[in-house]
Amino acid sequence: PGRNINVILAGGRGDFFNETVQDVEGEGKSYRQDYPLFPFSVLVKVFSCYRTDGADLVREWIDDRKARGASYKYTTSAKEMKEFNDFDVDYFMGLFAIEDMEYQLEQTAEMDDPTLAEMTETALNILNTKPNGFVAFIEEGLVDHGHHGNKVTGDLLPVFHHFMLA
(Lines give C-alpha, C1' and ligand atoms only; values in the text may rest on other atoms or scores of the structure.)
Protein backbone atom coordinates (compact mmCIF):
# COMPACT_ATOMS: atom_id res chain seq x y z
CA PRO A 1 0.00 0.00 0.00
CA GLY A 2 2.86 2.46 0.67
CA ARG A 3 4.44 2.08 -2.76
CA ASN A 4 2.70 5.18 -4.07
CA ILE A 5 3.41 7.62 -1.24
CA ASN A 6 5.08 10.59 -2.91
CA VAL A 7 6.90 12.11 0.08
CA ILE A 8 8.27 10.44 3.21
CA LEU A 9 10.33 12.55 5.65
CA ALA A 10 11.13 10.99 9.01
CA GLY A 11 13.52 9.40 11.44
CA GLY A 12 13.55 5.64 11.96
CA ARG A 13 16.11 4.78 9.29
CA GLY A 14 17.04 1.63 11.24
CA ASP A 15 13.68 0.08 10.43
CA PHE A 16 14.51 0.13 6.72
CA PHE A 17 17.76 -1.84 6.90
CA ASN A 18 18.99 -5.22 8.08
CA GLU A 19 20.54 -5.24 11.54
CA THR A 20 24.08 -5.69 10.17
CA VAL A 21 24.08 -2.70 7.77
CA GLN A 22 26.49 0.09 8.68
CA ASP A 23 24.62 3.36 9.22
CA VAL A 24 25.56 6.31 7.00
CA GLU A 25 25.98 8.56 10.06
CA GLY A 26 27.25 5.93 12.47
CA GLU A 27 30.96 5.89 11.62
CA GLY A 28 31.03 2.11 11.30
CA LYS A 29 28.20 1.41 13.72
CA SER A 30 25.60 -1.16 12.78
CA TYR A 31 21.96 -0.85 13.72
CA ARG A 32 21.42 -3.54 16.28
CA GLN A 33 24.84 -3.64 17.94
CA ASP A 34 25.25 0.09 18.52
CA TYR A 35 21.72 1.52 18.69
CA PRO A 36 19.65 -0.87 20.82
CA LEU A 37 16.08 0.14 21.54
CA PHE A 38 16.16 -1.39 25.03
CA PRO A 39 18.94 -1.56 27.64
CA PHE A 40 18.90 -5.36 27.87
CA SER A 41 20.37 -7.30 24.96
CA VAL A 42 17.86 -10.13 25.38
CA LEU A 43 14.97 -7.71 24.91
CA VAL A 44 16.68 -6.20 21.89
CA LYS A 45 16.83 -9.59 20.20
CA VAL A 46 13.19 -10.29 20.98
CA PHE A 47 11.54 -6.89 20.56
CA SER A 48 13.71 -4.71 18.32
CA CYS A 49 12.27 -3.38 15.07
CA TYR A 50 15.46 -3.82 13.06
CA ARG A 51 14.99 -6.12 10.14
CA THR A 52 16.16 -9.71 10.45
CA ASP A 53 14.99 -10.78 6.98
CA GLY A 54 17.98 -9.38 5.11
CA ALA A 55 15.86 -6.78 3.33
CA ASP A 56 17.15 -3.33 2.42
CA LEU A 57 13.92 -1.39 2.01
CA VAL A 58 15.68 1.77 0.79
CA ARG A 59 17.34 -0.22 -2.03
CA GLU A 60 13.97 -1.82 -2.83
CA TRP A 61 12.35 1.65 -2.87
CA ILE A 62 15.02 2.99 -5.25
CA ASP A 63 14.88 -0.10 -7.50
CA ASP A 64 11.08 0.17 -7.69
CA ARG A 65 11.27 3.85 -8.76
CA LYS A 66 13.86 3.00 -11.41
CA ALA A 67 11.71 0.13 -12.72
CA ARG A 68 8.75 2.52 -13.04
CA GLY A 69 10.86 5.14 -14.81
CA ALA A 70 9.94 7.61 -12.07
CA SER A 71 12.07 10.47 -10.82
CA TYR A 72 13.09 10.16 -7.18
CA LYS A 73 15.37 11.50 -4.48
CA TYR A 74 16.63 9.77 -1.35
CA THR A 75 18.59 11.66 1.30
CA THR A 76 19.71 11.42 4.91
CA SER A 77 20.85 15.06 5.09
CA ALA A 78 18.86 18.15 6.07
CA LYS A 79 21.37 20.28 4.18
CA GLU A 80 20.78 18.27 1.02
CA MET A 81 17.00 18.45 1.53
CA LYS A 82 17.13 22.24 1.94
CA GLU A 83 19.23 22.63 -1.21
CA PHE A 84 16.89 20.40 -3.23
CA ASN A 85 14.73 22.38 -5.65
CA ASP A 86 13.44 19.89 -8.25
CA PHE A 87 10.00 19.97 -6.66
CA ASP A 88 8.42 18.24 -9.67
CA VAL A 89 10.11 14.98 -8.57
CA ASP A 90 7.78 11.96 -8.49
CA TYR A 91 9.03 10.55 -5.18
CA PHE A 92 11.11 11.94 -2.31
CA MET A 93 12.28 10.07 0.78
CA GLY A 94 14.42 11.56 3.54
CA LEU A 95 15.37 9.42 6.54
CA PHE A 96 17.28 11.70 8.88
CA ALA A 97 17.98 9.63 12.02
CA ILE A 98 18.61 6.02 12.83
CA GLU A 99 15.80 6.08 15.41
CA ASP A 100 13.75 9.06 16.63
CA MET A 101 14.98 12.49 15.59
CA GLU A 102 16.08 14.74 18.44
CA TYR A 103 13.85 17.43 19.90
CA GLN A 104 14.31 20.63 17.92
CA LEU A 105 15.85 22.39 20.94
CA GLU A 106 18.38 19.57 21.33
CA GLN A 107 19.46 19.35 17.69
CA THR A 108 23.00 20.33 16.79
CA ALA A 109 24.48 21.30 13.43
CA GLU A 110 26.44 18.03 13.40
CA MET A 111 23.19 16.05 13.45
CA ASP A 112 22.15 17.54 10.10
CA ASP A 113 18.46 16.95 10.94
CA PRO A 114 15.71 19.18 9.55
CA THR A 115 13.02 20.79 11.69
CA LEU A 116 9.38 19.86 11.35
CA ALA A 117 8.78 23.21 9.62
CA GLU A 118 11.56 22.52 7.08
CA MET A 119 10.23 19.04 6.34
CA THR A 120 6.70 20.42 6.00
CA GLU A 121 7.85 23.12 3.60
CA THR A 122 9.72 20.61 1.43
CA ALA A 123 6.79 18.18 1.41
CA LEU A 124 4.28 20.88 0.44
CA ASN A 125 6.58 22.25 -2.28
CA ILE A 126 6.75 18.79 -3.84
CA LEU A 127 3.09 17.89 -3.33
CA ASN A 128 1.88 21.20 -4.77
CA THR A 129 3.26 20.09 -8.16
CA LYS A 130 0.94 17.06 -8.29
CA PRO A 131 -1.97 17.57 -10.71
CA ASN A 132 -4.54 15.51 -8.78
CA GLY A 133 -4.14 17.15 -5.37
CA PHE A 134 -2.75 15.41 -2.31
CA VAL A 135 -3.28 14.39 1.27
CA ALA A 136 -0.53 15.30 3.74
CA PHE A 137 -0.08 13.65 7.11
CA ILE A 138 2.28 15.76 9.20
CA GLU A 139 3.08 14.76 12.76
CA GLU A 140 5.59 15.82 15.39
CA GLY A 141 6.59 12.31 16.41
CA LEU A 142 8.07 13.15 19.81
CA VAL A 143 5.03 14.94 21.24
CA ASP A 144 4.12 11.95 23.37
CA HIS A 145 7.73 11.30 24.42
CA GLY A 146 8.20 14.94 25.40
CA HIS A 147 5.43 14.81 27.94
CA HIS A 148 6.73 11.56 29.44
CA GLY A 149 10.22 13.04 29.76
CA ASN A 150 8.93 16.35 31.19
CA LYS A 151 10.28 18.20 28.14
CA VAL A 152 7.20 20.23 27.30
CA THR A 153 9.20 23.10 25.77
CA GLY A 154 11.06 20.76 23.40
CA ASP A 155 7.80 19.03 22.76
CA LEU A 156 5.63 22.03 21.88
CA LEU A 157 8.12 24.34 20.15
CA PRO A 158 7.78 22.64 16.73
CA VAL A 159 4.00 22.74 17.01
CA PHE A 160 3.96 26.49 17.78
CA HIS A 161 6.53 27.12 15.05
CA HIS A 162 4.38 25.20 12.57
CA PHE A 163 1.29 27.26 13.36
CA MET A 164 3.25 30.51 13.15
CA LEU A 165 4.24 29.56 9.59
CA ALA A 166 0.68 28.71 8.56
Side-chain angles (χ1 to χ4, degrees), residues 1-38 44-104 106-143 145 158 162:
R3 286 184 47 175
N4 295 316
I5 296 175
N6 297 98
V7 180
I8 301 170
L9 302 172
R13 189 170 52 239
D15 296 327
F16 288 75
F17 295 101
N18 185 277
E19 63 191 18
T20 60
V21 171
Q22 302 300 306
D23 185 52
V24 296
E25 296 178 345
E27 300 177 4
K29 296 179 182 179
S30 62
Y31 291 114
R32 177 169 287 171
Q33 291 85 359
D34 298 301
Y35 297 99
L37 294 175
F38 300 98
V44 171
K45 291 178 183 173
V46 174
F47 294 110
S48 75
C49 294
Y50 303 118
R51 307 195 66 78
T52 58
D53 59 4
D56 177 342
L57 296 184
V58 171
R59 172 57 44 209
E60 289 180 25
W61 183 87
I62 290 170
D63 290 347
D64 180 67
R65 276 39 188 189
K66 286 181 180 178
R68 294 189 206 192
S71 61
Y72 65 91
K73 175 68 176 171
Y74 170 68
T75 186
T76 60
S77 165
K79 181 180 184 297
E80 193 172 289
M81 182 194 78
K82 289 182 242 179
E83 292 171 353
F84 182 79
N85 60 12
D86 181 16
F87 298 125
D88 197 27
V89 67
D90 295 319
Y91 298 94
F92 190 101
M93 181 162 60
L95 300 175
F96 303 104
I98 193 167
E99 290 184 357
D100 292 333
M101 294 172 64
E102 293 295 329
Y103 296 104
Q104 187 173 333
E106 295 177 6
Q107 288 181 354
T108 65
E110 294 80 33
M111 290 178 185
D112 194 23
D113 292 343
T115 65
L116 179 63
E118 291 166 340
M119 289 188 290
T120 300
E121 182 178 3
T122 297
L124 293 178
N125 284 337
I126 293 168
L127 294 172
N128 277 324
T129 67
K130 307 302 173 219
N132 297 322
F134 61 87
V135 173
F137 177 79
I138 300 168
E139 176 190 30
E140 167 55 49
L142 290 177
V143 167
H145 297 279
H162 177 70

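- Between the CE atom in M81 and the CG atom in D113 there is a gap of 10.0 Å [rounded to 0.5 Å].
- T129 places a side-chain N or O within donor-acceptor distance of the main-chain N or O of I126, the cut-off being under 3.5 Å.
- Rounding to the nearest 0.5 Å places CG of D53 at 10.5 Å from CG of D56.
- You'll find the side chain of N125 stays beyond 4.5 Å of the side chain of F84, heavy atoms only.
- Counting heavy atoms from C-beta outward, F92 and I8 have side chains that stay 4.5 Å or more apart.
- A distance of 7.5 Å separates CD1 of I62 from OH of Y74, quoted to the nearest 0.5 Å.
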Practice prompt. Evaluate the side-chain contact (heavy atoms from CB on, under 4.5 Å) criterion for residues L9 and F96: first the C-alpha distance (whole Å), next the side-chain angles of each, then the deciding distance (0.1 Å), finally the verdict.
Written response: CA-CA 8 Å; L9 302 172; F96 303 104; 4.1 Å; yes

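- With respect to R3 and D64, a salt bridge is recorded, a charged nitrogen being found less than 4.0 Å from a carboxylate O.
- Rounding to the nearest 0.5 Å gives a distance of 7.5 Å between OG of S77 and CD of E83.
- Across every non-hydrogen atom of M119 and A10, the tightest pair is SD-N, 4.3 Å.
- Atoms CD and OG1, from E118 and T115 in turn, are 3.5 Å apart once rounded to the nearest 0.5 Å.
- In this structure, T75 contributes its side chain and G94 its backbone to no donor-acceptor pair below 3.5 Å.
- A donor-acceptor distance shorter than 3.5 angstrom exists from the side chain of D112 to the backbone of K79, with no hydrogens or angles considered.
- When all heavy atoms of A78 and P114 are compared, the closest pair comes out as CB-N, 3.3 Å.
- Put simply, the side chain of R13 gets close to the backbone of L95: a donor and an acceptor are under 3.5 Å apart.
- In this structure, CG on N132 lies 12.0 Å from CZ on F134, to the nearest 0.5 angstrom.
- Between the side chains of R68 and Y91, at least one donor N or O lies within less than 3.5 Å of an accepting N or O.
- A 4.5 Å side-chain heavy-atom check between Y72 and M93 finds every atom pair outside the cut-off.
- Contact check for D90 versus R65: no side-chain heavy atoms found under the 4.5 Å cut-off.
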